[in-house]
2 protein chains.
Amino acid sequence: MLKSADKSEVLKLGNQLCFPLYACAKEVIKIYRKPLEKIGLTYTQYIVLMVLWEYGAMSEKSLGEKIYLDSGTLTPVLKKLEKSGFVRRERLKADERVLQISLTENGSKLKEKAVDIPQVLDGCIHLTYDEMITMKKLLNKALEGTKERNKND
Amino acid sequence: MLKSADKSEVLKLGNQLCFPLYACAKEVIKIYRKPLEKIGLTYTQYIVLMVLWEYGAMSEKSLGEKIYLDSGTLTPVLKKLEKSGFVRRERLKADERVLQISLTENGSKLKEKAVDIPQVLDGCIHLTYDEMITMKKLLNKALEGTKERNKND
DNA sequence: ATTTAACAAATTGCACACAATTTAATTGTA
DNA sequence: TACAATTAAATTGTGTGCAATTTGTTAAAT
């Protein structure tokens with residue numbers, strides 16, 4: 001149990017976990033913005049395509065589960081990717097409720113232009129390789145925990 | 001140098017640092033949402049108040065630098081906080097360009113209701129205390145690096 | 001077979017987030 | 001002193017992000 005004076009310490013930015021997490025995510029996305037713009041993608045569109053490049057076609061719902069986005073966000077993003085000519089959106093004949101998302105020829109080819117994108121972090125994130133590995137592991141472990149928590153929202 | 005086959009490995013979600021960072025930040029903010037709603041705040045408003053609770057009154061610009069937000073985002077957020085009665089927005093007499101942001105009585109008092117908020121993570125982030133400390137350190141170190149990078153955008 | 005429940009997307013409304021531009025005030029300089 | 005450059009906020013336009021609701025389809029129960 002903390003004393004009252006210590007308790008208010010937790011509200012300092014520097015003592016919070018949530019703040020550097022929030023700020024760091026934003027800054028990293030900002031670094032990705034320019035190189036992504038060159039190949040015609042936003043960050044969210046890039047995340048969507050990474051899933052399709054790795055796993056192939058899947059429903060909007062499955063896609064949303066992988067990247068923690070619901071249809072409210074995903075539907076307009078997918079419509080834009082369709083308009084850009086990178087994905088197809090088709091109802092499954094077997095079940096008209098589900099929208100199957102698949103890569104077009106151009107969407108598949110875009111992967112080759114995207115392989116160099118992750119390197120943009122190398123110059124500007126001042127972490128050693130080991131530190132990056134550690135951070136990735138911890139973030140993934142934390143994500144696992146939140147998955148259960150936010151499931152029933 | 002990686003071979004071509006290995007190169008495409010970097011685009012897998014599990015191999016990226018940026019994806020768990022992006023997803024984890026969103027999930028953590030989602031956890032904060034409900035308890036914050038109870039005291040009448042959004043996450044961004046909470047971040048703003050944390051700065052004011054810790055450092056006291058300051059200009060919109062200084063505030064924005066601390067939390068990595070520009071006036072485009074901050075101006076409407078501060079107007080809402082003013083409407084809620086938690087902050088004052090006043091032009092400095094010495095320099096009418098700068099908008100001084102200060103806490104109202106209610107804004108100051110809100111801190112006592114907010115001290116319990118950070119604990120919401122305890123139950124749902126499955127990290128040990130040491131892991132949280134490590135993660136916080138690494139995130140802050142990474143943030144330092146990005147600061148220089150995104151300065152001239 | 002009809003009704004009900006469950007499900008997947010889409011829609012709506014609100015709140016960021018940020019690049020780019022504009023507005024208003026101040027500073028620096030010829 | 002004028003006037004250009006700089007600065008701080010505000011504004012504009014686009015793109016998420018999410019809770020809540022709606023729409024359309026399928027499965028389950030009576």
Side-chain angles (χ1 to χ4, degrees), chain A residues 22-34 36-37 40-48 58-65 67-84 87 89-101 146 149-153, chain B residues 22-34 36-37 40-48 58-65 67-84 87 89-101 146 149-153:
Chain A
Y22 155 83
C24 197
K26 281 194 309 169
E27 292 302 296
V28 166
I29 289 172
K30 213 180 286 185
I31 291 169
Y32 273 76
R33 190 155 312 183
K34 274 185 192 170
L36 281 175
E37 200 177 354
L41 293 177
T42 63
Y43 185 75
T44 314
Q45 291 172 0
Y46 168 67
I47 297 292
V48 167
M58 67 179 73
S59 70
E60 176 171 334
K61 179 164 173 57
S62 304
L63 194 48
E65 280 167 357
I67 60 182
Y68 302 84
L69 288 176
D70 71 358
S71 68
T73 303
L74 216 37
T75 296
V77 170
L78 292 173
K79 283 182 177 174
K80 274 168 215 157
L81 278 173
E82 184 184 44
K83 192 177 272 184
S84 300
V87 308
R89 299 165 63 249
E90 306 164 298
R91 296 282 168 181
L92 272 192
K93 289 206 182 65
D95 186 341
E96 293 275 354
R97 286 172 303 185
V98 337
L99 194 69
Q100 185 79 351
I101 313 298
T146 64
R149 188 32 153 58
N150 284 146
K151 204 164 30 182
N152 303 324
D153 280 3
Chain B
Y22 156 83
C24 198
K26 282 194 308 169
E27 292 301 296
V28 165
I29 290 172
K30 213 181 286 185
I31 291 169
Y32 273 76
R33 190 156 298 150
K34 274 184 192 171
L36 282 174
E37 200 178 354
L41 294 177
T42 64
Y43 185 76
T44 314
Q45 291 171 2
Y46 168 67
I47 297 292
V48 167
M58 67 179 71
S59 69
E60 176 171 333
K61 177 163 175 58
S62 305
L63 193 48
E65 279 168 357
I67 59 182
Y68 302 84
L69 289 176
D70 69 0
S71 68
T73 304
L74 216 37
T75 297
V77 170
L78 291 172
K79 283 182 177 174
K80 273 168 216 159
L81 278 172
E82 184 183 45
K83 192 176 274 186
S84 300
V87 309
R89 299 165 62 249
E90 305 163 300
R91 296 280 168 184
L92 273 192
K93 289 207 182 64
D95 187 341
E96 295 273 354
R97 286 172 304 184
V98 339
L99 193 69
Q100 184 80 351
I101 313 297
T146 64
R149 188 35 153 58
N150 285 146
K151 205 165 29 183
N152 302 325
D153 280 3

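Chain A is the first sequence line, chain B the second, and so forth, proteins listed ahead of strands; every chain is numbered from 1.
Scanning for side-chain contact (heavy atoms from CB on, under 4.5 Å) contacts around B:Glu90 gives B:Arg88, B:Ser102, with sequence neighbours left out. Here A:Lys80 pairs with nothing under the side chain to side chain donor-acceptor pair (under 3.5 Å) rule; sequence neighbours left out. Residues that satisfy the side-chain contact (heavy atoms from CB on, under 4.5 Å) test with A:Ser62, not counting sequence neighbours, are A:Met58, A:Ser59. Every residue meeting the side-chain contact (heavy atoms from CB on, under 4.5 Å) condition with B:Asp70, not counting sequence neighbours, appears here in chain and number order: B:Thr73. Qualifying side chain to side chain donor-acceptor pair (under 3.5 Å) partners for A:Glu37, counting only residues two or more places apart in sequence or in other chains: none. Residues forming a side chain to side chain donor-acceptor pair (under 3.5 Å) with A:Thr75 (at least two apart in sequence, or on another chain): A:Glu60. Among residues two or more places apart in sequence or in another chain, the side-chain contact (heavy atoms from CB on, under 4.5 Å) test is passed with A:Thr44 by A:Thr42, A:Leu69, A:Val77, B:Tyr22.
The CD1-P distance, from A:Ile31 to C:dC18, rounds to 12 Å in whole Å. Atom CD in A:Glu90 sits roughly 16 Å away from atom C1' in C:dA9 (whole-Å rounding). Here the C1' atom of nucleotide C:dT26 and the CG atom of B:Leu92 are 13 Å apart, to the nearest Å. Following rounding to the nearest Å, A:Lys34 (NZ) and C:dA20 (C1') show an atom-to-atom distance of 13 Å. Computed from coordinates, the A:Ile101 CD1 to C:dA10 C1' distance equals 13 Å when rounded to whole Å.
Residues A:Arg91 and A:Val98 fail the side-chain proximity criterion, which asks for heavy atoms closer than 4.5 Å.
Direction of the helix axis in the helix from C:dA1-D:dT30 to C:dA30-D:dT1 shifts by 0° between the two five-pair termini, rounded to 10°.
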At under 4.0 Å between heavy atoms, which parts of nucleotides 7-17 of chain D does protein reach? Answer with one letter per nucleotide, 5' to 3': B base, S sugar-phosphate only, - none. BSBBB---SSB
